Amino acid sequence: MGRDPSIGIGSRSGSGAERGRHRGSRPIRARAVTPVAGKLLEVGVVVLFVATLSTALYGGVVPEYRSAVAEEIGDRTLTAADHTVTSAVPPASGTSTVRSATTRTTVDLPETIRGESYRVRFADGVLTLEHPHPAVGDRRRLAFPTEPSGTPSTWRSDARTIVVVQRDEEGLTVELVNR
């Protein structure tokens, strides 16, 4: 089976320099650019897709999700603080020899909610979570056997927090302390 010398592929006629220069109508070097250009276009489409997806997520979906999660964490934090404060109330004295009792209880709070510090304030029997973000924050009236007295006090989330509850003949005194 003979080879057609007019095609130029596999032909033994002519010099090597003539065979390597042209195949068909384009030089070999021009044909090598096509795969590179195709790969660059593929990379460009992928980068465009990732940029569009990132913009969509961080522009709308992620901040809304962060706010919803922060609101839930704020609610759980206030619930945990409520439980700890009401559990720290010393039992009523059953004997006449005990005139007062004081408890000090450490309270574990998250350091940040939605990446920012916050405060828990106690005044007039109500715990209030104060946060810089408007979606986070709540108030909760505590269930005490008697209405507590004392001056308003505040926990900072970036401090070690302790609740001090004192029961005496006058009633309950609640104080939130930072250490």
Side-chain angles (χ1 to χ4, degrees), residues 40-179:
L40 285 175
L41 284 173
E42 289 176 17
V43 168
V45 168
V46 168
V47 167
L48 183 63
F49 175 74
V50 169
T52 303
L53 186 63
S54 298
T55 301
L57 287 177
Y58 288 114
V61 175
V62 172
E64 290 173 18
Y65 177 74
R66 285 184 66 203
S67 294
V69 169
E71 188 176 349
E72 182 67 28
I73 291 173
D75 185 51
R76 290 181 184 192
T77 299
L78 202 55
T79 300
D82 176 352
H83 177 72
T84 304
V85 171
T86 54
S87 297
V89 174
S93 61
T95 64
S96 60
T97 57
V98 177
R99 300 212 186 270
S100 69
T102 303
T103 60
R104 297 178 192 278
T105 306
T106 302
V107 182
D108 292 325
L109 297 176
E111 288 186 20
T112 61
I113 297 176
R114 203 175 189 270
E116 299 183 51
S117 297
Y118 60 93
R119 295 177 183 267
V120 176
R121 188 169 46 91
F122 177 79
D124 300 323
V126 176
L127 275 179
T128 306
L129 180 89
E130 299 171 344
H131 192 275
H133 195 274
V136 182
D138 201 2
R139 298 172 50 94
R140 186 157 300 150
R141 179 162 291 284
L142 302 180
F144 288 116
T146 61
E147 188 66 28
S149 63
T151 59
S153 52
T154 304
W155 281 325
R156 292 184 327 270
S157 65
D158 57 355
R160 185 171 158 243
T161 53
I162 299 170
V163 60
V164 179
V165 181
Q166 180 178 3
R167 180 189 292 273
D168 55 19
E169 295 169 349
E170 297 173 13
L172 290 175
T173 305
V174 177
E175 183 182 9
L176 310 181
V177 179
N178 298 299
R179 297 271 182 215

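As the structure is a computational prediction, the values presented were derived from the model and not from experiment.
Remark: Asp75 CG to Ile113 CD1 distance equals 10.0 Å, nearest 0.5 Å. Going from atom CG of Leu109 over to atom CG of Leu78 covers 10.0 Å, rounded to the nearest 0.5 Å.
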Show me the donor-acceptor pairs, under 3.5 Å and distance only, between side chains in residues 148-156 and residues at least two apart or in other chains.
from	atom 1	to	atom 2	distance (Å)
Ser149	OG	Leu172	O	3.1
Ser153	OG	Leu176	N	2.8
Trp155	NE1	Ile162	O	3.0

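Qualifying side chain to side chain contact (heavy atoms under 4.5 Å, CB included) partners for Leu53, counting only residues two or more places apart in sequence or in other chains: Phe49, Leu57. Listed by chain and residue number, Thr86, Leu127, Arg140, Leu142 satisfy the side chain to side chain contact (heavy atoms under 4.5 Å, CB included) test with Asp82 (two or more places apart in sequence, or in another chain). With sequence neighbours left out, Glu72 forms a side-chain hydrogen bond (donor to acceptor under 3.5 Å, both in side chains) with Arg76. In this view, Glu130 and Arg121 satisfy the side-chain hydrogen bond (donor to acceptor under 3.5 Å, both in side chains) rule, not counting sequence neighbours. Taking Arg139 as the reference, Val126, Thr128 meet the side chain to side chain contact (heavy atoms under 4.5 Å, CB included) condition, with sequence neighbours excluded. The side chain to side chain contact (heavy atoms under 4.5 Å, CB included) search around His133 returns Ser67, Arg114, His131, Ala135, Val136, not counting sequence neighbours.
When all heavy atoms of Ser157 and Pro110 are compared, the pair lying nearest together is CB-O, 3.7 Å. Between Gly74 and Leu129, the shortest heavy-atom contact is CA-CD2, 3.8 Å.
A distance-only check finds no donor-acceptor pair linking the side chain of Arg179 to the backbone of Arg160 [under 3.5 Å]. No donor-acceptor pair under 3.5 Å is formed between the side chain of Tyr118 and the backbone N or O of Gly137.
Applying the salt bridge (Lys or Arg N to Asp or Glu O under 4.0 Å) test to pairs two or more places apart or on separate chains, those with a residue in residues 42-51 are Lys39-Glu42. Applying the side-chain hydrogen bond (donor to acceptor under 3.5 Å, both in side chains) test to pairs two or more places apart or on separate chains, none has a residue in residues 102-113.
Contact annotation: the side chain of Phe144 approaches that of Val174 to within less than 4.5 Å [non-hydrogen atoms, C-beta and beyond].
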